[in-house]
Protein chains: 2
Amino acid sequence: MKLLVVEDDTTTSTYIARGLREEGHAVDVVADGRDGLVQATTGQYDVLILDRMLPELDGLTLLKTLRGAGNATPVLLLTAMGAVDDRIDGLNAGADDYLVKPFAFGELSARVNALARRPQALEQETTLRAGDLTMDLITRRVTRAGQEIDLLPREFALLEHLLRRKGRVQTRTMLLEAVWDISFDPMTNVVETHISRLRAKVDRPFDTELIQTVRGAGYRIDA
Amino acid sequence: MKLLVVEDDTTTSTYIARGLREEGHAVDVVADGRDGLVQATTGQYDVLILDRMLPELDGLTLLKTLRGAGNATPVLLLTAMGAVDDRIDGLNAGADDYLVKPFAFGELSARVNALARRPQALEQETTLRAGDLTMDLITRRVTRAGQEIDLLPREFALLEHLLRRKGRVQTRTMLLEAVWDISFDPMTNVVETHISRLRAKVDRPFDTELIQTVRGAGYRIDA
DNA sequence: AGACCCCGATGAAACTGCTTGTTGTCGAAG
DNA sequence: CTTCGACAACAAGCAGTTTCATCGGGGTCT
């Protein structure tokens, strides 16, 4: 199993790394957040072990960035603080599990194994992603490249529908049915109108366009 | 170490109990929530292992009741569901850790030991916060920017509910269910009314607004 | 009586869908 | 190869509708 440890305290990181290697894993170690992000995005890891407090780039930010980029590698967050709030922040940021320092090595090992074993994307239900776009269905927040976008209810519904069938073309009829709940052609261009508005908020301010029109067929979202 | 297992599925409970006894712990087992509550409050346990779904009295309710009564025994929550939301609910209710079924015994053991080792009462969430707002659930005091705000009972309940799910949008229906305990639409604007009153006390006198309306969806609190 | 809460009315603001005019794309004819 | 026409998609403005905020009256419980 290939693991990445991002931890600035060398005492801790060598302790973790040695233990995991003894269990037969391939372990990479980096000491700051920026290197961590690079390494995490380029290497194919089974689990990331991430300290919350890091130089250069804080662990939570790193995690958010990673998730924002669509990376779903299981993350175990190490935190020095034990307050519930911190855990919640961690889970919200996209961590799959957390561990409060100090911890026994056996505990870390158990959790790492649990994470690797767990069928991924079991969580995902609450957040939809496409490229650098994130849509959180619970908080009802949409962000792209870290920037928050606020959408009107209909726009939100439309984007949600498109994201849920990412990559597949949705015809006007399908969209009318799903988002407007009408099964006849209203003889107007409601769909086009709303796609246009959605684009103005979601695509226009950024460099790559996520919402694509398939002429003669419909629309599709794709990274 | 003295442990209590509250679990209705006998297969699981005997599996857990046997394992823990082999490690030299004293283990009591009860099969429903009501017995669990009685046992937990009377016996002096080091850790409680609590199933989330229980007959008679649901695990989460049990936990809340226990915490409400000032009992700070570390609790490990077992949950069948893996969604982040459930974990957050669990942690909010006062759990110290959770474990998603199915799990390896070693994992359970590691966590139980970790909980017992951990200096207690470090958690005990009695205050909710959002930005410069503080809500103390014991003294029932709410302050913002150092200034005390007094709320009517319903307003207090509403704010508490929103704070407990900080960041997440709560629909009118959810609020009616949770704060008013009614599961039908009363066809009136009770919620809006109380939100309005709450805002007058909590937001209006200050510069940033914590209570946000998400048009077409509901309300959300956020710093 | 007092405190608290629900209700209905009212006005304001937000949202949506339509209309209209513009731009873009494709294919066939010149 | 270019031009033109038809059709598809887009964008902006406007107006009807829906949703929300606020207020005061009246009911209810203590």
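Labels below follow one simple rule: chain letters A, B, ... track the order of the sequence lines, proteins then strands, and each chain is numbered from 1.
Between the CE atom of A:Met187 and the C1' atom of C:dT19 there is a distance of 14 Å, given to the nearest Å. To the nearest angstrom, C1' of C:dG8 lies 13 Å from CD of B:Glu192. One interatomic measurement links the two molecules: CG of A:Leu158 to P of C:dG17, which rounds to 11 Å at whole-angstrom precision. When rounded to the nearest whole Å, the span between CG of A:Asp185 and C1' of C:dC18 equals 14 Å. In this structure, B:Leu152 atom CG and C:dA3 atom C1' are separated by 8 Å, rounded to whole Å.
Minimum atom distance to the side chain of A:Asn189 is reached by C:dT20, of the listed C:dT20, C:dG17, C:dC4.
With a 4.5 Å cut-off on side-chain heavy atoms, A:Leu76 and A:Leu48 do not count as touching. Looking at heavy atoms from C-beta onward, B:Val27 lies in side-chain contact with B:Val5 at the 4.5 angstrom threshold. Side-chain contact between B:His161 and B:Leu158 is absent, with no heavy-atom pair separated by less than 4.5 Å. Between A:Phe156 and A:Leu137, some side-chain heavy-atom pair lies under the 4.5 Å cut-off. Residues A:Leu60 and A:Leu77 are in side-chain contact: their nearest non-hydrogen atoms beyond the backbone lie under 4.5 Å apart.
When each of B:Pro153 and A:Thr193 is assigned the nucleotide of DNA chain C with its nearest heavy atom, B:Pro153 is the one assigned upstream, toward the 5' end. Nearest-nucleotide positions on DNA chain D place B:Gly218 closer to the 5' end than the other of B:Arg197 and B:Gly218.
Of all nucleotides in DNA chain D, those with any atom nearer than 4.0 Å to a heavy atom of chain A start and finish, going 5' to 3', at D:dC7 to D:dG13.
Contact annotation: A:Thr188 reaches the phosphate of C:dC18 (side-chain N/O to OP1 or OP2, under 4.0 Å). Within the 4.0 Å cut-off from OP1 or OP2 of C:dA13, not a single side-chain nitrogen or oxygen of B:Arg215 is found. At least one side-chain nitrogen or oxygen of B:Trp180 sits closer than 4.0 Å to the OP1 or OP2 atom of C:dC6. Residue A:His194 places at least one side-chain N or O closer than 4.0 Å to OP1 or OP2 of C:dG17.
Judged by distance alone, the side chain of A:Arg144 and the main-chain N or O of A:Thr134 form no donor-acceptor pair under 3.5 Å.
Using a 4.0 Å heavy-atom distance criterion, A:Arg199 is classed as a sugar-phosphate-only contact. Within the nucleic acid shown, A:Thr213 comes within 4.0 Å of sugar-phosphate atoms alone, with no base atom in reach, counting heavy atoms only. Heavy atoms of A:Ser196 sit under 4.0 angstrom from at least one base atom. Counting non-hydrogen atoms under 4.0 angstrom, A:Phe156 reaches nothing in the nucleic acid.
Partner of B:Glu155 under the side-chain hydrogen bond (donor to acceptor under 3.5 Å, both in side chains) criterion, out of B:Arg197, B:Lys201, B:His194: B:Lys201 alone.
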